[in-house]
Structure formats: C-alpha cells, structure tokens
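Reviewing the structure listed below.
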Amino acid sequence: MALKATIFKARLQVADMDRDYYGEHLLTLARHPSETDERMMIRLLAFALNASEQLEFTRGLSTDDEPDLWEHSLSGEVETWIEVGVPAEDRVRKACGRADRVLIYAYGQRTASVWWKKMEAATTRFDNLQVFFLPAESCVQLATMAERNMDFSVTIQDGQLWFSSAEQSLEVTPERWK
C-alpha cells in the first residue's frame with residue numbers, strides 16, 4: 001500500500017514592501033512521503049516571496065509536468081513557474097518555454113553549488129529565468145518551524161525576508177545567482 005501525503009495547514013500574513021503586496025493566505029500543503037520538512041518549508045518560503053492571489057501549490061513531487069508552485073493568467077497561460085531544489089537542465093528548458101517567468105530556489109550547500117557550476121552556462125540563453133540560492137543554515141532553521149498547523153508573519157524588504165511565528169523568528173536573504 002502506498003504511503004499518503006501528510007497535510008499541513010498554514011496561515012501566512014505577507015507584507016512585501018519590495019512589490020507593494022500585502023495579503024493573508026490560508027494554505028494547505030501536502031507533504032509527499034519522500035519530501036522533508038526542509039523542502040516543504042522552502043516551498044512555503046517560495047510562496048511568501050512570490051505571493052499573489054493566483055499563485056498555487058501543485059501536485060509537486062508526484063508529477064513530472066508541473067513545478068512546485070505556479071501562477072496562471074486569467075486565460076490559462078502559465079505566468080510564473082517556481083521550482084524548489086536543483087532541477088535537471090531539460091526541466092529548466094521546458095519551464096522557460098512554457099512560462100513567462102521561471103524562478104528556481106536552490107538549496108543544499110554542496111548540491112546546489114555543484115549543480116550551478118554545471119547549469120550556469122546552459123542558462124544564459126533564458127531571459128525569463130531567475131535562480132536564487134538559500135543558505136543552508138537558514139533552511140535548517142526553517143525546517144524546525146514546521147508544524148501541522150502553522151501561523152506565520154512574513155515581511156520582505158530590500159531582498160531580505162523575515163519569517164516569524166509566535167515562538168521563532170528567522171531572517172533569510174536569498175542569494176541571486178542569475
């Protein structure tokens with residue numbers, strides 16, 4: 001019998017001063033049996049950094065033709081495609097061909113840097129691609145904030161993100177690689 005996803009609920013209050021976006025989101029995250037708390041929380045962080053009314057989580061790890069998050073226009077075209085981790089080159093190429101804007105949030109100190117050395121030259125032709133690296137210590141601390149029911153306040157200003165719950169607070173500064 002296959003293992004089922006674990007369901008997490010999150011209330012996310014976002015104040016993004018860089019984009020003049022302010023909103024509250026009640027989110028349901030399904031953590032795939034093979035997904036870690038760290039990866040799930042990075043998906044939540046990616047949502048906060050790009051929050052909008054149309055942004056949504058996809059089936060993620062359980063499907064090959066969808067990103068971790070995406071945003072569609074009213075006519076159904078993919079406007080934003082967001083990947084978490086270190087996707088293969090063909091997946092990046094496919095995403096850049098399908099979406100107006102592609103964002104990758106790479107993490108994992110050794111894995112991400114080795115991946116980027118291999119990918120950097122191949123990504124120069126994609127004008128709609130942005131790649132960010134999330135520091136390992138921030139990702140580990142973010143994973144400790146995972147609970148079945150979460151309530152976070154997120155403030156974004158000058159490229160820095162403050163992620164806080166009633167018990168903990170974390171500052172994350174994504175490093176832009178492309």
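Every value quoted in this text rests on a predicted model; they were computed, and no experiment measured them.
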Using 0.5 Å steps for rounding, measure from the CD atom of Glu56 to the OG1 atom of Thr28.
12.5 Å

Would you say Arg148 has more than 12 foreign heavy atoms packed within less than 6.0 Å of its CZ?
yes

For Ala99, does its backbone N or O pair with a side-chain atom of Asn128 as donor and acceptor, under 3.5 Å?
yes

Show your reasoning for whether side chain to side chain contact (heavy atoms under 4.5 Å, CB included) applies to Arg176 and Phe133.
CA-CA 6 Å; Arg176 186 166 180 168; Phe133 172 70; over 6 Å; no

Contact check, side chains of Asn50 and Ile82, non-hydrogen atoms, under 4.5 Å
yes

Is it possible for you to say whether Trp162 and Met145 belong to one hydrophobic cluster, with membership spreading through side-chain heavy-atom contacts below 4.5 Å?
no

For a quick test of reading the model, state the closest non-hydrogen atom pair linking Val78 to Trp81 and the distance between them.
CG1-CE3, 4.2 Å

Would you kindly confirm whether Tyr21 and Leu55 end up in one hydrophobic cluster when ILVMFWY residues are joined by side chain heavy atoms under 4.5 Å apart?
yes

Looking only at heavy atoms, which two atoms of Gly159 and Pro174 are closest? And how far apart?
O-CD, 3.5 Å

Can you tell me if Asn149 uses its side chain to pair, donor with acceptor, with the backbone of Lys9 under 3.5 Å?
no

Rounded distance (nearest 0.5 Å) linking atom OG of Ser52 with atom CD of Glu79
8.5 Å

So does Arg39 pair up with Glu35, basic N to acidic O under 4.0 Å?
yes

Tyr22 side chain reached by Gln13 side chain, heavy atoms, under 4.5 Å:
no

Quick one: sort the Trp70 and His72 rings into parallel, tilted or perpendicular, breaks at 30° and 60°.
perpendicular

Steps toward salt bridge (charged side-chain N to carboxylate O under 4.0 Å, His left out) verdict (Arg91, Glu83):
CA-CA 10 Å; Arg91 189 166 174 85; Glu83 293 279 348; 2.9 Å; yes

Interatomic spacing from OG1 in Thr58 to CZ in Arg43 - rounded to 0.5 Å
7.5 Å

Could you give me the CA-CA distance, side-chain angles and deciding distance for Met41 and Phe152, then say whether side chain to side chain contact (heavy atoms under 4.5 Å, CB included) is met?
CA-CA 11 Å; Met41 293 301 288; Phe152 293 111; 3.7 Å; yes

Can you give me the closest heavy-atom contact between Leu44 and Phe163, atom names plus distance?
CD2-CZ, 4.0 Å

Would you indicate whether Asp90, at its atom CG, is surrounded by more than 12 heavy atoms from other residues, nucleotides or ligands within a distance under 6.0 Å?
yes

Asp100 vs Glu71 side-chain heavy atoms within contact, under 4.5 Å:
no

Hey, are Glu120 and Lys178 close enough for a salt bridge, meaning a charged N less than 4.0 Å from a carboxylate O?
no

Taking the six-membered ring for Trp, are Phe132 and Tyr105 parallel (under 30°), tilted (30 to 60°) or perpendicular (over 60°)?
parallel

Glu24 with Arg11: basic N within carboxylate O range, under 4.0 Å
yes

With a 4.5 Å limit on heavy-atom distance, are the side chains of Cys139 and Ile42 in contact?
yes

Can you tell me if Thr111 uses its side chain to pair, donor with acceptor, with the backbone of Gly108 under 3.5 Å?
no

Donor-acceptor contact present, side-chain Asp37 to main-chain Thr144, <3.5 Å:
no

One pair to check against side chain to side chain contact (heavy atoms under 4.5 Å, CB included): Val92 and Val102. What are the steps and the verdict?
CA-CA 8 Å; Val92 173; Val102 177; 5.5 Å; no

Report the distance from atom CG of Asp68 to atom CZ of Phe47, rounding to the nearest 0.5 Å.
13.5 Å

Between CG on residue Leu29 and CD1 on residue Ile7, distance to nearest 0.5 Å:
8.5 Å

Regarding Asp16 and Arg19, does a basic nitrogen lie under 4.0 Å from an acidic carboxylate oxygen?
yes

Taken to the nearest 0.5 Å, the spacing of Leu170 CG from Ser138 OG works out to 5.5 Å

So, the side chain of Trp115 versus the backbone of Pro87: is there a donor-acceptor pair under 3.5 Å, distance only?
yes

Does the His25 side chain pair with the main chain of Leu27, one donor and one acceptor, at a distance under 3.5 Å?
no

Trace of the side chain to side chain contact (heavy atoms under 4.5 Å, CB included) decision for Trp177 with Ile104
CA-CA 10 Å; Trp177 283 353; Ile104 298 173; over 6 Å; no

Using a distance-only test with no angle check, is there a side-chain donor-acceptor pair under 3.5 angstrom linking Ser75 and Glu77?
yes

Would you check if Phe126 and Arg93 make a side-chain contact, meaning some heavy-atom pair closer than 4.5 Å?
yes

Among Ile156, Leu161, Leu49, exactly one meets side chain to side chain contact (heavy atoms under 4.5 Å, CB included) together with Val172. Which residue is that?
Leu161

Closest non-hydrogen contact found for Val14 with Ala48 is CG1-O, 3.9 Å

I need the minimum non-hydrogen distance between Val140 and Glu38, along with the two atoms involved.
N-OE2, 3.8 Å

